[in-house]
There are 2 protein chains.
Amino acid sequence: MSKASHTECTSEMLPVRDALDIISGKWKLLILISISSGNSRFREIERSIPKITSKVLAKELKDLEENELIERTVYDDIPVVIKYTITPYAKTLQPVIQALSDWGKNHRKKILGR
Amino acid sequence: MSKASHTECTSEMLPVRDALDIISGKWKLLILISISSGNSRFREIERSIPKITSKVLAKELKDLEENELIERTVYDDIPVVIKYTITPYAKTLQPVIQALSDWGKNHRKKILGR
DNA sequence: TTTTTCGCTTACCTTTTGGTAACTGCTATA
DNA sequence: TATAGCAGTTACCAAAAGGTAAGCGAAAAA
């Protein structure tokens with residue numbers, strides 16, 4: 001008989017994988033933070049996130065919209081105005097952002113201080 | 001004068017960015033979950049994570065070790081045995097993993113059910 | 001009239017990430 | 001003796017993510 005084995009943990013990994021599929025990457029959470037902070041127009045968001053380019057921003061906004069985390073609204077003024085807002089569903093990500101933010105703060109202290 | 005402006009939020013983004021730099025990517029959290037679940041040897045970890053390859057696992061383990069999230073210990077038995085364990089510091093990531101897991105579970109429900 | 005702003009898109013390129021398969025020296029098991 | 005397991009490494013390649021720079025038509029500001 002083979003000795004080869006391991007502890008099963010796919011059920012613990014599955015939900016984490018699901019979450020990562022949607023919010024991982026360099027930009028998505030930063031974009032949500034920017035919009036939550038009051039930026040709603042394309043150029044505003046772009047200017048608020050250091051180093052992001054319009055190409056990447058456009059693509060990430062599409063992804064976020066597809067996952068119902070933001071909404072894109074067109075106002076037919078002259079000229080037309082486009083605004084991005086976060087959805088109520090995106091607000092359920094708050095604990096994730098908070099946990100990452102807390103850990104990041106602590107990590108920076110650990111790396112720099114002491 | 002230019003009207004171009006935006007709401008500043010770099011201070012909110014910085015810690016999240018720091019955290020993402022270290023734990024983002026497809027595999028790192030899954031590896032931590034696997035080791036936390038009781039897997040400690042290379043092949044065990046490999047078998048416990050669907051689709052991971054030994055090449056990728058070896059690289060990710062190195063990254064995690066560099067960031068002091070896991071420890072690699074060599075036991076000089078014959079044959080030599082190598083074990084990976086999570087550090088106390090890695091345990092500070094628990095709230096992050098929990099938040100992601102909770103959100104992932106809920107998201108799956110949202111997508112599938114209703 | 002010229003410049004700037006808006007919300008993007010396009011073409012091209014580099015970097016990062018991941019996948020395949022074979023292979024290593026050693027030991028243990030059948 | 002042949003095979004399988006251990007902990008990886010190596011060479012090669014494909015895909016995904018990201019960066020660079022330019023440009024579009026319309027309108028507003030200088």
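No experiment lies behind these values; they were computed from the predicted model shown. Side chains are part of it too, since the values below use all heavy atoms of this structure and drop only hydrogens, waters and symmetry mates.
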Check the phosphate of C/dC6 against A/R47, side-chain N and O only, distance under 4.0 Å to OP1 or OP2. Yes or no?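 Yes, within the criterion.
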
Between B/L64 and B/V74, is there a shared hydrophobic cluster once you connect ILVMFWY residues whose side-chain heavy atoms come closer than 4.5 Å?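 Same hydrophobic cluster.
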
Whole angstrom value for the distance that separates [atom2] of [N] from [atom1] of [X]:
X: B/I49; N: C/dG18; atom1: CD1; atom2: C1'; answer: 14 Å
X: B/D63; N: D/dG8; atom1: CG; atom2: C1'; answer: 16 Å
X: A/L20; N: C/dG18; atom1: CG; atom2: P; answer: 11 Å
X: B/L61; N: D/dG8; atom1: CG; atom2: P; answer: 7 Å

Check DNA chain D against residues 64-85 of chain B and give the residues with a non-hydrogen atom under 4.0 Å, in numerical order.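 The answer is B/R72, B/I82, B/Y84.
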
Which ILVMFWY residues are connected to B/L14, directly or by a chain of links, through side-chain heavy atoms under 4.5 Å apart?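 B/L14 clusters with nothing; isolated.
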
List, by chain and then residue number, the residues other than A/I78 in its hydrophobic cluster (Ile/Leu/Val/Met/Phe/Trp/Tyr, side-chain heavy atoms under 4.5 Å); write none if there are no others.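 Cluster partners of A/I78: none, it stands alone.
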
Side-chain atoms of residues 22-29 of chain A: list all donor-acceptor pairs with protein atoms under 3.5 Å, sequence neighbours left out, distances to 0.1 Å.
unit_1	atom_1	unit_2	atom_2	d
A/S24	OG	A/L20	O	3.0
A/K28	NZ	A/E60	OE1	3.3

For [X], all residues meeting salt bridge (charged side-chain N to carboxylate O under 4.0 Å, His left out), sequence neighbours excluded:
X: A/E12; value: none
X: B/D102; value: none
X: B/K105; value: none

Please name all residues satisfying side-chain hydrogen bond (donor to acceptor under 3.5 Å, both in side chains) with B/T85, sequence neighbours left out, ordered by chain then number.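 For B/T85, no residue satisfies side-chain hydrogen bond (donor to acceptor under 3.5 Å, both in side chains) once neighbours in sequence are set aside.
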
With sequence neighbours excluded, give me every ring pair (Phe, Tyr, Trp, His ring centres under 6.0 Å) pair touching residues 39-98 of chain B.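 Residue pairs passing ring pair (Phe, Tyr, Trp, His ring centres under 6.0 Å), neighbours aside: A/W103-B/Y89, A/H107-B/Y89.
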
Tell me, yes or no, whether the heavy-atom count around B/E68 atom CD, taken from other residues, nucleotides or ligands under 6.0 Å, exceeds 12.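 Incorrect, the count does not exceed 12.
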
Identify, residue by residue, the members of residues 31-46 of chain A with a heavy atom below 4.0 Å from DNA chain C, and return them in order of residue number, or none.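 A/R41, A/F42, A/R43 - these, ordered by number, are the residues of the stretch whose heavy atoms sit under 4.0 Å from the strand.
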
Could you tell me which residues satisfy side chain to side chain contact (heavy atoms under 4.5 Å, CB included) with B/P88, sequence neighbours excluded, listed by chain and number?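 For B/P88 there are no side chain to side chain contact (heavy atoms under 4.5 Å, CB included) partners, ignoring immediate neighbours.
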
With B for base contact, S for sugar-phosphate-only contact and - for none (protein heavy atoms under 4.0 Å), nucleotides 11-18 of chain D reads BB-----B

